[in-house]
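Computed from heavy atoms alone, side chains included, the values below leave out hydrogens, waters and symmetry copies.
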Amino acid sequence: LLVPHHARVAEAVDRLRTQPAMTVNMFAVGDGSCFLIRIPASDTQRAHTVLFDCGSLGFLEVGSRSIVPALRSMNVNRIDTLIISHADLDHFCGVPDLAAEIRIGRVLVPPQLLQEAEEKPESAAAFLIDGLRERRLIIEPLSRGMTPAMGAAKADVLWPPAEFEAKTANSTSIVLSLRVAGRRLLLNGDIDQVAIPLLLATGDDLRADIADLPHHGSFVRASPQWFAAVQPGIVLQSSGRARLRTDQWAALMTDPKITRLITARLGMVEVTIDKSGRMTWSSFRASPIAEEMQ
């Protein structure tokens, strides 16, 4: 049976349209953070896998008992780039177990984390860095203005400045922008009332199609200004149920075009951007879900 040429072309175009340009998984780690970003190979770039944070506030064995098994079930055997957003345990307590089981190409951290590890040899940050160095992993500082290579995605680091000094680690959290297929993902770590106004004052265009709520959904005075600047269509929130008891974010998300995905309700969440820029999402608990975003 011969298939008309125009039908074959249409089928090929449809296959191309539905191929992913990037897949983002937000793992359910309670009040903590762990995002897996998979960027497939392109004509000119190899596939690249990024893990942004690996920690939990209430589950110190999150690496060995949750993240590593999940990665293996997803056939992820190598992390090309591991990013640790800042020096808080709920963002990196699972890293030692992860590094023991999964190959890691390089580790990127804010320079403030490296400084804390050097100045406070008894700190958790020092334990982390020492352990990674014992495994001979490449550790590099990551700060505002840098554009680390991440496969076919365009990566930009918006925060923190290299010389920025702050009273708390949250203020030094990495803010990472990834662009593919005309869409933008913005990951914000734990930026707070100190960091958010300073980030807004840079004048950077922060608009993103997908963004996680800073500090697992904690609400500060600058939160409305941050939300107005970012204007996300898909909002990711990695948090436990306790943070939903007083939900000040809800008043900012009355637009039905905004989709808010919370791990406390949905378990692990997956968002996919295909090569045409179409976004879809699914969740672990409410399966099967496939919501198409415009």
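Cluster annotation: I210 and I83 are assigned to the same hydrophobic cluster (Ile/Leu/Val/Met/Phe/Trp/Tyr, side-chain heavy-atom contacts under 4.5 Å, transitive). At a threshold of 4.5 Å between side-chain heavy atoms, the hydrophobic network of Ile, Leu, Val, Met, Phe, Trp and Tyr places L185 and L108 in one connected group. A continuous path of ILVMFWY side-chain contacts below 4.5 Å connects I102 to M268, so both sit in one hydrophobic cluster. If you chain together hydrophobic residues whose side chains sit under 4.5 Å apart, F127 and L82 never meet in one group.
Judged by distance alone, the side chain of N188 and the main-chain N or O of V175 form no donor-acceptor pair under 3.5 Å. In this structure, T23 contributes its side chain and R38 its backbone to no donor-acceptor pair below 3.5 Å. The closest donor-acceptor contact from the side chain of E270 to the backbone of V24 lies at 3.5 Å or more, if one exists at all. Panel note: side chain D88, backbone H91; no donor-acceptor pair is recorded below 3.5 Å. A donor-acceptor pair is defined here as one N or O able to donate and one able to accept, closer than 3.5 Å; such a pair exists between the side chain of D205 and the backbone of R207. Remark: the backbone N or O of S171 is paired with a side-chain donor or acceptor of W159 at under 3.5 angstrom.
Side-chain atoms of H86 and S173 form a donor-acceptor pair, as typed in the model, at a separation below 3.5 Å. Defined by atom type and a distance below 3.5 Å, a donor-acceptor pair is missing between the side-chain atoms of N170 and T168. No hydrogens or angles considered: nothing links the side chains of D192 and H215 as a donor-acceptor pair under 3.5 Å. A donor atom on one side chain and an acceptor atom on the other are not found under 3.5 Å apart for S33 and H216. Side-chain polar atoms of Q115 and E119 form a donor-acceptor pair below 3.5 angstrom.
Taking the charged nitrogens against the carboxylate oxygens, D255 and K257 have no contact shorter than 4.0 Å, which rules out a salt bridge. Classification of E163 and R144 as a salt-bridged pair fails, no side-chain N sitting under 4.0 Å from a carboxylate O. Using a cut-off of 4.0 Å between Lys/Arg side-chain N and Asp/Glu carboxylate O, D209 and R183 are scored as salt-bridged. A salt bridge links D247 with R260; the closest basic N to acidic carboxylate O contact falls under 4.0 Å. A salt bridge is defined here as a Lys NZ or Arg NE, NH1 or NH2 lying under 4.0 Å from an Asp or Glu carboxylate O, and R243 with D31 meets this definition.
Shown here is E118, whose CD atom has no more than 12 heavy atoms of other residues, nucleotides or ligands within 6.0 Å. Surrounding CZ of R78 are more than 12 heavy atoms belonging to other residues, nucleotides or ligands, all under 6.0 Å away. The 12-atom threshold is exceeded at CZ of R106, counting heavy atoms of other residues, nucleotides or ligands nearer than 6.0 Å.
Considering all non-hydrogen atoms of both residues, T263 and S238 come closest at OG1-CA, 3.6 Å. Pairing each heavy atom of S218 with each of S223, the nearest pair is O-OG, 4.1 Å. Scanning both residues, A169 and A87, for their nearest heavy atoms gives CB-O, 3.9 Å. Of all heavy-atom pairs between A126 and P121, the closest is CB-O, 3.5 Å. A pairwise comparison of heavy atoms in P110 and P160 identifies CB-CG, 4.1 Å as the closest pair. Counting all heavy atoms, side chain and backbone alike, I39 lies closest to A21 at CG2-O, 4.0 Å.
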Given V29 and F59, is the side chain to side chain contact (heavy atoms under 4.5 Å, CB included) satisfied, shown in steps?
-> CA-CA 7 Å; V29 293; F59 187 20; over 6 Å; no

Kindly determine whether F92 and D53 satisfy side chain to side chain contact (heavy atoms under 4.5 Å, CB included), including the steps that lead there.
-> CA-CA 6 Å; F92 69 76; D53 284 339; 5.9 Å; no

List the steps, then state whether side chain to side chain contact (heavy atoms under 4.5 Å, CB included) holds for L198 with F164.
-> CA-CA 11 Å; L198 293 173; F164 178 65; 3.7 Å; yes

Could you walk me through whether L213 and V235 pass the side chain to side chain contact (heavy atoms under 4.5 Å, CB included) check?
-> CA-CA 7 Å; L213 292 185; V235 176; 3.5 Å; yes

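Side-chain contact between T272 and M22: absent, with no pair of heavy atoms (C-beta onward) separated by less than 4.5 Å. Proximity of L206 to F227: side-chain heavy atoms (C-beta onward) are nowhere separated by under 4.5 Å.
When each of V50, V107, L36 is paired with I79, the side-chain contact (heavy atoms from CB on, under 4.5 Å) condition holds for L36 and for no other.
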